[in-house]
Asks: 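Below is one structure. I have some questions about it.
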Amino acid sequence: MHVAVNAAMSVDGKLSSRRREQVAISDPEDFARVHEQRADADAVMVGIGTVLADDPSLTISDTPAENDGSPDQPARVVVDSDARTPTDAAVLDERALTYVLVAGNAPAERVATLEAAGARIVDTTGERVDLPGALSALDAQGIDRLMVEGGGEVIYSLFAADLVDELSVFVGSMIIGGRDAPTLVDGPGFVENFPALTLESVRRLDGGVLLSYRC
Ligand code: NAP
């Protein structure tokens, strides 16, 4: 499986403010690029923190229609140990297939509720979602190209498990600041063996810049 992480951050590396509400960081050209990248992916993944904060639908609106008239949407994937995804979350709407990755001890009742709401559950072992195991399970379902749209906790875990192949970061020309504001890579962070990146390209998009790395 090829894993491509994509995010938009402020010049000081923040994904959002300390309120953890969605902040408009991307410019229109970057939005269009993100939709193109989604269209190229088999699935688009976010963590439950992002679902609860932003309620994203993770769909594409302008792809060529299939025979039945509906756009060809990538699947959605939520990393959600305790099956906390609200049943009315946009990510569970009928526009695309949604996988919810849960941990071994996820409450059975919540899991059943999500299944009834149309989610496909991927069980993993441990107290938190085992990402290497979950990604292997998704790979077995035919997901070859996975796009990850955040947030910082999930992105950290993917780097820590050496699962990221590609990173694209749009740097919006703004400062957000705040020691408690989410950054591109959160979690406990690295103190050694820092993941090294190879800079592939630098592109100006509207008033910001898109940095693309091989990992
Ligand atoms: P997140 O990464 O979306 O989700 C983190 C949650 O995922 C964890 O708290 C954990 O909750 C669950 N999880 C389960 N297994 C995990 C594992 N192995 N590793 C890591 N997480 C695991 O949340 P976040 O870091 O708080 O990011 C949300 C913030 O980022 C919001 O403010 C949002 O607006 C912002 N955001 C910005 C962008 C951007 O491009 N600017 C993109 C996305 C999000 P459980 O333990 O309950 O499972």
Side-chain angles (χ1 to χ4, degrees), residues 1-9 13-17 19-26 30-31 33-61 73-103 106 110 114 117-122 124 128-135 137-139 141 143 145-161 163-170 181-187 215:
M1 174 191 283
H2 184 270
V3 178
V5 171
N6 179 81
M9 69 179 193
K14 307 295 185 188
L15 296 185
S16 174
S17 75
R19 290 185 181 161
R20 293 189 172 258
E21 295 161 352
Q22 195 166 30
V23 173
I25 299 173
S26 286
D30 188 52
F31 271 126
R33 180 197 63 81
V34 169
H35 277 249
E36 273 171 30
Q37 196 176 342
R38 278 184 193 165
D40 282 345
D42 297 315
V44 181
M45 183 167 98
V46 292
I48 180 66
T50 299
V51 168
L52 296 177
D54 301 351
D55 194 22
S57 67
L58 303 177
T59 49
I60 39 181
S61 48
Q73 300 283 356
R76 283 89 57 101
V77 181
V78 184
V79 186
D80 180 12
S81 311
D82 297 325
R84 292 189 289 144
T85 303
T87 50
D88 61 351
V91 81
L92 285 178
D93 68 20
E94 70 297 332
R95 285 189 284 171
L97 180 64
T98 302
Y99 296 92
V100 179
L101 315 180
V102 302
R110 290 273 335 140
L114 286 180
R120 288 206 190 168
I121 303 293
V122 177
T124 66
R128 247 184 159 193
V129 173
D130 162 38
L131 286 171
L135 266 50
L138 292 175
D139 193 81
Q141 297 283 318
I143 294 173
R145 295 186 65 80
L146 179 69
M147 178 181 180
V148 180
E149 295 203 25
E153 292 291 328
V154 163
I155 294 174
Y156 167 79
S157 294
L158 291 169
F159 273 111
L163 288 169
V164 184
D165 297 298
E166 193 184 312
L167 170 68
S168 311
V169 196
F170 176 79
T183 67
L184 177 64
V185 183
D186 284 327
C215 309

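Positions are given from 1, in the same order as the sequence printed here.
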Asks: Quick check for you: to the nearest 0.5 Å, what is the distance between Leu15 atom CG and Met9 atom CE?
Replies: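 It is 8.5 Å, given to the nearest 0.5 Å.
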Asks: Is there a donor-acceptor contact under 3.5 Å from the side chain of Thr50 to the main chain of Gly151?
Replies: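 Yes, the answer is positive, given that a donor and an acceptor are paired below the 3.5 Å cut-off.
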Asks: Could you tell me the separation between the OG atom of Ser81 and the CG atom of Asp130, rounded to the nearest 0.5 Å?
Replies: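 Reported to 0.5 Å precision, the distance equals 10.5 Å.
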Asks: For the atom pair CE (Met1) and CG (Leu135), what is the distance rounded to the nearest 0.5 Å?
Replies: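 Between atom CE of Met1 and atom CG of Leu135 there are 4.5 Å.
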Asks: For the side chain of Thr124 and the backbone of Gly133, is there at least one donor-acceptor N/O pair under 3.5 Å apart?
Replies: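 The answer is no, because no donor-acceptor pair under 3.5 Å joins these two groups.
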Asks: Is there a side-chain contact between Pro74 and Ile143 in this structure, where contact means two heavy atoms from C-beta onward sitting under 4.5 Å apart?
Replies: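 No, side chains not in contact.
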Asks: Looking only at heavy atoms, what is the nearest atom pair of Cys215 and Val164, with distance?
Replies: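 Nearest heavy atoms, Cys215 then Val164: CB-O, 3.2 Å.
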Asks: What I'd like to find out is whether the side chain of Arg33 reaches to under 4.5 Å of the side chain of Asn6, using heavy atoms alone.
Replies: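 Side-chain contact under 4.5 Å: yes.
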Asks: To the nearest 0.5 angstrom, please state how far the CG atom of Leu138 sits from the CG atom of Asp42.
Replies: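 Here the rounded value is 10.5 Å.
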Asks: Verify, without hydrogens or angle tests, whether Asp186 (side chain) and Glu153 (backbone) share a donor-acceptor contact under 3.5 angstrom.
Replies: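 Side chain of Asp186 to backbone of Glu153: no pair is present.
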Asks: Identify the two heavy atoms, one from Ala119 and one from Val100, that lie closest to each other, and give their separation to 0.1 Å.
Replies: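 Closest pair (atom of Ala119, atom of Val100, distance): CB-CG2, 3.8 Å.
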Asks: Closest approach of Ser17 and Val23, non-hydrogen atoms and distance?
Replies: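 Looking at all heavy atoms of both residues, the closest pair is N-CG2, 3.8 Å.
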Asks: State whether the side chain of Arg38 and the backbone N or O of Thr59 hold a donor-acceptor pair below 3.5 Å, judged by distance alone.
Replies: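 Looks like yes, one N/O pair under 3.5 Å.
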Asks: State the OG1-CG distance between Thr98 and Leu114, to the nearest 0.5 angstrom.
Replies: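 One gets 10.0 Å once the value is rounded to the nearest 0.5 Å.
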Asks: State the CG-NE2 distance between Asp30 and His35, to the nearest 0.5 angstrom.
Replies: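 Result: 10.0 Å between the selected atoms.
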Asks: Do you know which two heavy atoms are closest between Ser26 and Phe31, and how far apart they sit?
Replies: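 Reported closest heavy-atom pair: O-CE1, 3.9 Å.
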Asks: Does Gln73 reach the main-chain N or O of Ile60 with its side chain, forming a donor-acceptor pair under 3.5 Å?
Replies: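 Yes.
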Asks: Is the backbone N or O of Ala4 less than 3.5 Å from a side-chain atom of Asp165, with the two atoms forming a donor-acceptor pair by type?
Replies: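 Side chain of Asp165 to backbone of Ala4: no pair is present.
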Asks: Testing the basics here: between Leu101 and Ala134, what is the closest heavy-atom pair and its distance to 0.1 Å?
Replies: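 The pair with the smallest heavy-atom distance is CD1-CB, 3.7 Å.
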Asks: Is there a side-chain contact between Val46 and Val154 (heavy atoms, below 4.5 Å)?
Replies: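 No, side chains not in contact.
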Asks: Report yes or no: does Ser16 contribute a side-chain atom to a donor-acceptor pair with the main-chain N or O of Glu21 at less than 3.5 Å?
Replies: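 Between the backbone of Glu21 and the side chain of Ser16 there is a qualifying donor-acceptor contact (under 3.5 Å).
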Asks: Are any non-hydrogen side-chain atoms of Val34 and Glu149 less than 4.5 angstrom apart?
Replies: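 A side-chain contact exists here, since the closest heavy-atom pair is under 4.5 Å.
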Asks: Taking Arg110 for its side chain and Thr85 for its backbone only, find out whether a donor-acceptor pair lies under 3.5 Å.
Replies: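 Flag set: sc Arg110 to bb Thr85 pair under 3.5 Å.
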Asks: Under a 4.5 Å cut-off applied to non-hydrogen side-chain atoms, are Leu163 and Ser157 in contact?
Replies: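 No - every pair of side-chain heavy atoms lies 4.5 Å or more apart.
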Asks: Do Ser168 and Gln37 come close enough that some side-chain heavy atom pair is under 4.5 Å?
Replies: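 They are in contact (side-chain heavy atoms under 4.5 Å apart), so the answer is yes.
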Asks: Using a 3.5 Å distance criterion without hydrogens, assess whether the side chain of Asp80 forms a donor-acceptor pair with backbone atoms of Ile48.
Replies: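 No, because the side chain of Asp80 does not come within donor-acceptor range (under 3.5 Å) of the backbone of Ile48.
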Asks: Less than 4.5 Å apart, any side-chain heavy atom of Leu158 and any of Met45?
Replies: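 Contact flag for Leu158/Met45 side chains = yes.
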Asks: Please check if atom CZ in Arg120 has more than 12 non-hydrogen atoms from other residues, nucleotides or ligands closer than 6.0 Å.
Replies: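 No, not enclosed.
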Asks: Testing the basics here: between Ala90 and Asp55, what is the closest heavy-atom pair and its distance to 0.1 Å?
Replies: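 Smallest heavy-atom distance, with atoms named: N-OD1, 2.8 Å.
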Asks: Write out all pairs satisfying salt bridge (charged side-chain N to carboxylate O under 4.0 Å, His left out) with one or both partners inside residues 82-93, taking only residues at least two apart or from two chains.
Replies: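 Counting only pairs at least two positions apart or across chains, the salt bridge (charged side-chain N to carboxylate O under 4.0 Å, His left out) contacts touching residues 82-93 are Arg76-Asp93, Asp93-Arg95.
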